[in-house]
Structures are given as C-alpha cells and as structure tokens.
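In this chain, residues are counted from 1 in sequence order. In what follows, every heavy atom counts, from backbone to side chain, and hydrogens, waters and symmetry copies are set aside.
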Amino acid sequence: MKRNYKKAYTKLKNMGCPVIEGGDRGEDTFRISAEQNCEDVNETVWADYNNMGWGLFGVNNKINAVLDANGLYAEWINPGVLSVQEV
C-alpha cells in the first residue's frame with residue numbers, strides 16, 4: 001500500500017473506523033464499510049448512503065479530514081462500501 005493510503009488506513013483504524021484492506025478490484029488500497037456503523041463505544045456513524053445531506057455525501061467528516069490530509073477521497077462503490085481514491 002502506498003504511504004498515503006497506509007497512513008490514512010492506520011489513522012482511521014485507530015479511530016475505530018471499519019476499514020477493509022484491499023480495493024474493490026484487488027488494488028493495493030483500502031475500503032470503508034458503511035455496514036458496520038456504531039460498533040465502537042461512541043456509537044459513531046461512519047457512513048450513511050441513505051443520508052446524503054449529512055457529512056459530505058453521507059460520509060462522516062472525520063473520515064474526510066483524514067483522507068483530505070493524505071491526498072485521498074472516498075467514493076461510494078455501493079450503499080454498503082466506500083472506495084478510497086487518490087485526488
């Protein structure tokens with residue numbers, strides 16, 4: 001995994017974000033699950049496809065801040081998973 005992906009992956013994982021190693025097509029990146037919300041003690045909603053008016057297109061601003069800092073962004077693959085891409 002490229003350095004910027006690895007740095008963002010590690011930071012998000014340490015925050016309790018449900019990250020998944022590997023891209024949607026086998027790339028050496030990572031994805032974010034929108035089906036594992038509220039599993040941490042703070043009951044954080046990480047992503048909600050059905051609430052596009054919340055966060056940035058349904059993505060928690062905590063995720064966006066980490067991704068932005070590493071030259072990355074999140075894009076919906078389907079209602080249950082976000083891909084992480086370079087800007």
Can you sort out the partners of T29 under side-chain hydrogen bond (donor to acceptor under 3.5 Å, both in side chains), two or more places apart, ordered by chain and number?
none
dist M1:CE -> E27:CD (nearest 0.5 Å) comes out at 11.0 Å
Is the shortest heavy-atom distance from the side chain of I20 to the side chain of I32 under 4.5 Å?
no
If you compare all heavy atoms of F30 against all heavy atoms of L67, which two are closest, and at what distance to 0.1 Å?
CZ-CD2, 4.1 Å
Starting at CG of L82, measure out to CH2 of W46 and round the result to the nearest 0.5 Å.
12.0 Å
Could you check if a side-chain atom of V45 sits within less than 4.5 angstrom of a side-chain atom of W54, using non-hydrogen atoms only?
yes
Quick one, N70 and Y5 - any side-chain contact, counting heavy atoms below 4.5 Å?
no
For residues C17 and I63, determine if any side-chain heavy atom of one lies less than 4.5 Å from a side-chain heavy atom of the other.
yes
Heavy-atom distance under 4.5 Å between the side chains of L72 and V87, does that happen here?
no
Can you confirm whether more than 12 heavy atoms, excluding those of F57, are under 6.0 Å from its CZ atom?
no
Can you name the closest pair of heavy atoms from P79 and A34 and give their distance?
O-CB, 3.8 Å
Report the distance from atom CD1 of I77 to atom OG of S83, rounding to the nearest 0.5 Å.
4.5 Å
Report yes if some heavy atom in the side chain of R31 is under 4.5 Å from a heavy atom in the side chain of Y9; otherwise report no.
no
Which residues pass the salt bridge (Lys or Arg N to Asp or Glu O under 4.0 Å) test with E86, sequence neighbours left out?
K2
For a 4.5 angstrom cut-off between non-hydrogen side-chain atoms, does E35 reach V81?
no
Are the side chain of N64 and the backbone of V59 linked by a donor-acceptor contact shorter than 3.5 Å?
yes
